[in-house]
Amino acid sequence: MDNTGFNWKYRLLCGLCAFLHFYASISAEPSCKLKAKFNLNGYRNVEKKKVVMGGMFPVHRRIASANSSSSSVPLSLGCEGFNFRTFRWTQTMLFAIDEINKRSDLLPDTDLGYVIYDSCFTISKAVEGTLTYLTGQEEAVPNYRCGTGAPLAALVGAGGSDLSIATARILGLYYFPQVSYSSSCSVLDSKFQFPTFLRTIPNDVYQSEAMARLVLHFGWSWVGTIAADDDYGKYGIKAFKEQVEEAGVCISFSETLPKVRSPEDIQRIVATVVESTAKIIVVFSSDVDLSPLIQELIQHNVTNRTWIASEAWVTSALINQPGVSSLLGGTLGFGLKRAEIPGLQRYLLNIDPYSNPLTEEFWETAFNCTLNYGRALRMAKEMTKAAAEQGGNTSLSRAVRGVPEGLCSGKESLEKLSNTYSDVTQLRITYSVYKAVYTVAHALHNMEICEPGQGPFNNNSCADITKFEPWQLMYYLKNVWFQVPHTKEPLFFQDGDVDGYYDIINWQVKGDGEISYVTIGQFNSTAAPDAMMTINNASIVWNNDELETPRSVCSESCQPGTRKGIRQGEPVCCFDCIPCADGEISNATDARECIQCTEDNWSNAARDTCVPKTIEFLDFSEPLGITLIVISAVGALITLAVGIVFLVNLGTPLVKANDPILSFSLLFSLVVTFLSSIVFLGEPQPWSCMTSQVGLALGFSLCLSSIMGKAAVLMLRARVLKAARSKAKATAKAAAQAAAADTSPDVIATNGNINNNNNAVTTGNPDVDSLRPAHQRVLAAILTLIQAVACTVWLIILPPHPVKNTAAQNIKIILECDEGSVIFICCVFGYDILLALLAFIFSFMARKLEDNFSEGKSLTFGMLVFFIVWSSFIPAYLSTRGKFMVAVQIFAILASSFGLLACIFLPKCYVLLVKPEFNTEDRMRPRSKPRDGTGTGTSASLATVATEVQATTGNVDY
């Protein structure tokens, strides 16, 4: 593209615009006019000064009430509420400039001037002052510097953080330096938004951290917060809350102080403070914003609270008014570094009341008089008129005729006046103002002493102090380093901020009721993390002169043995203390979870320690164990005694009739079962576990096999006798019928045949006892051998072994024997149950065999006792725990063994020992048949059939 035509057209258009502009300027009225004139108060001294320094201080607390009507021209409002403390800051800047101008080592060739405005603690006034300062004349013209006076150095101000944020945005447009003495808001550390902002007060990031550390130092977990409705309060309290909440502290309430007086909001905040259980209240606010709340809290007689103060009000006389000791006594706060400034008090006391309107207002406010004669005269007349209306003297007083009352002489003594202005004992922000002025002065000094060719700018050039640009001064401010006069404190900036150093101040009530500020510690951001905060706890006096640290918790700490249970919908600091469950402990305060004890341990009663579980087993030495041993031994001895009795009477008919070999095997098995119960006692060992289970299984197997052998013989005999009796009855009936019809010799022959059959049965026909004694013994041996093989396989593959049972009972470890294999133990003892069932069935079928000793009934009753005992054992065993399970098992073994011994051998021993005369062959013979004919006979009464037949034939043989 050809740019020649474009450039030509552009030049033509510019020329046309210039012509039109010139024509409009000579043919039309001016189109620019001043829209408003600001109403600003302050100090000004720029005549014959080489450099002018700006300042802005909130000398008044607020702007005057505005007229809401829009029918008239709006005016810049005045200010009200004179603040002695901030007026001292203003005078400190004047003092520092005067001190610098008198020094020969600092700016020796430069006389500093100043322009200082009152911001009235209002953003609008701060903006007005900034625009006016930049313009260089009373009429502010944005974006213009009017006049050819001394260059502007920097603005020291503008008071609160909100004010500095507003001014810093304007000054940053022109890269104009601003050095603040009290704007600590953390938002101002953004160099993107505020490129020319610096401050001699620490960043609130440090103060928020210091407050958080203070709360954590005293263990407070339940605090309330109150913040001013501005950036200072919002950002400060936000950073504080983030840090304490991360550490587990909970916020009970969070209130915001109104910037404009609002009785409703104040009442609401008071109600919140009164109703809250939080005893610690953190306040991030200026003294001006906080003062209405303090007055209202005093009216409500609020006490027993500890207040944590930010640096903006910790030493403020506006807050420390008479009557606040009951409310604010014991307050802890963070104050800026304190210093003494020699000569400042003398300067403050020697001001000229007529030098400036602000000074006049200060004088009139301090002494409650007026320096204006006309005003004093009017006031005197109004007082006289008021007295006349009330019926008093209507003549003018002498004061009106001469010197009016209330007229200041201008010679009043400030030394006799005790107020915040003349109090130099707590120079903290005042010292920050002093440092800010000296910071600008040292930057100017470095600019002034710059040698050409060694400067920091282009081509190593230096800036001319008589006509420098703001950005050139900004370079020197960023790199300034000096020692503050009198204190020798080094001052330098890191990204526009200084190190965070605070005194920790305690409000202590003196004997006369006044508050004294006692330093009880320090916070230093440059120290190691563990050493940043140092506090002398012993020197703190709390609210109501208490020496004990107050507690502020939503819920009391959970002691060891309990854990925190969070309440739904409430902060985490509000919780219930829930006791740990059985087997769990907590050995620390405020435990969040309980700790599970190991398997071998259990929680103590307090749930704070795991203790070893009690080892439980049925010991030989305890009373129950001794009792069981005695019973078992007695049973074994009785069984041996029975065996001896049988051995002694081995050749007698009774012993012979009961198969001695089976009887002895039965007795031996009972001895084994009696003695195996003893092995269940004591601490389980591998050998004892195997011996007890296997011994019991084999003992019962041999016992039940022997019983089954006996019962099988009886059952078979009962069946044979039943068949023989039926046959005998049929034969007898037939013989009787034949005898009745015919008495021939053939009947006698028939009778003889019957007798021969009877004799055959009586003499032991093999058809009757098909199961011989040898067969019985072999059967018992085979059945026992089967059990022995099963037990051997069990012991080889999965033998019983001792285990620690920690699940059965929580507080005990039960030492017991594990079966090794459920399948094996079920098979082994299931086999015994099968033998028992068969023995019971056989004995039950032989129960009606009739002889003198009722052998079948004895076996039946013995097996019934056996089943009753073991049927009762199952529920009893399942309902017990620990060593009593072993006791129940032993009782079942002993009871079943005693039952079998008693039912089977007691009748026989009775005959052998007590009634030996019954132990004869005749007694072994069958009993007579009952008359009802229901008898079926026993093993000794097979001849009964023959007897009956003989009786029948005898009746018919006549």
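Every heavy atom of this structure was used, including side-chain atoms; hydrogens, water molecules and symmetry mates were not. Sequence positions, counted from 1, serve as the residue numbers for this chain.
A 6.0 Å sphere centred on CD of Glu622 holds more than 12 heavy atoms belonging to other residues, nucleotides or ligands.
When all heavy atoms of Val865 and Cys903 are compared, the closest pair comes out as CG2-SG, 4.0 Å. What you find for Leu835 and Leu783 is that their closest heavy atoms are CD2-CD1, 3.9 Å. Closest non-hydrogen pair, Gln787 versus Val828, comes out as NE2-O, 3.0 Å. Taking all atoms of both residues into account, the shortest heavy-atom contact from Asp608 to Pro560 is CB-CB, 3.9 Å. In plain terms, the two heavy atoms of Val672 and Gly699 that are nearest each other are CG1-CA, 4.0 Å. Glu584 and Cys594 get closest at one heavy-atom pair: OE1-CB, 3.5 Å.
Under the 4.0 Å criterion applied to side-chain N and carboxylate O atoms, Asp590 and Arg563 are not assigned as salt-bridge partners. A salt bridge does not link Lys613 to Asp600: none of the charged nitrogens lies less than 4.0 Å from a carboxylate oxygen.
For residues 586-644, there are no ring-ring contact (aromatic ring centres under 6.0 Å, His included) pairs, not counting sequence neighbours. Legend: ring-ring contact (aromatic ring centres under 6.0 Å, His included) pairs involving residues 643-674, not counting sequence neighbours, sorted by first then second residue: Phe646-Phe905, Phe674-Phe898.
Aromatic rings from Phe873 and Phe891 are positioned such that their centres are separated by 6.0 Å or more. Aromatic pair Trp870/Phe829: centroids not less than 6.0 angstrom apart.
Checking Ser676 against Ser692 by side-chain atom types alone, no donor-acceptor pair falls below 3.5 Å. Side-chain contact check for Ser557 and Thr589: no donor-acceptor pair (N or O, by modelled atom type) lies under 3.5 Å.
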*Could you give me the CA-CA distance, side-chain angles and deciding distance for Ile813 and Thr614, then say whether side-chain contact (heavy atoms from CB on, under 4.5 Å) is met?*
CA-CA 6 Å; Ile813 297 177; Thr614 304; over 6 Å; no
*Could you walk me through whether Phe866 and Phe840 pass the ring pair (Phe, Tyr, Trp, His ring centres under 6.0 Å) test, one step at a time?*
CA-CA 10 Å; Phe866 183 86; Phe840 174 72; over 10 Å; no
*Output, in order, the C-alpha distance, side-chain angles, deciding distance and verdict of side-chain contact (heavy atoms from CB on, under 4.5 Å) for Cys703 and Leu666.*
CA-CA 5 Å; Cys703 175; Leu666 179 58; 3.3 Å; yes
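The side-chain heavy atoms of Ile707 and Ile904, taken from C-beta on, include a pair separated by under 4.5 Å. In this structure the side chain of Glu816 never reaches within 4.5 angstrom of the side chain of Val886, judged on heavy atoms.
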Please table the atom pairs, donor to acceptor, closer than 3.5 Å between any side-chain atom in residues 817-825 and protein atoms at least two apart or in another chain.
unit_1 : atom_1 : unit_2 : atom_2 : d
Asp818 : OD2    : Gly820 : N      : 2.9
Ser821 : OG     : Ile823 : N      : 3.4
Ser821 : OG     : Phe824 : N      : 3.3

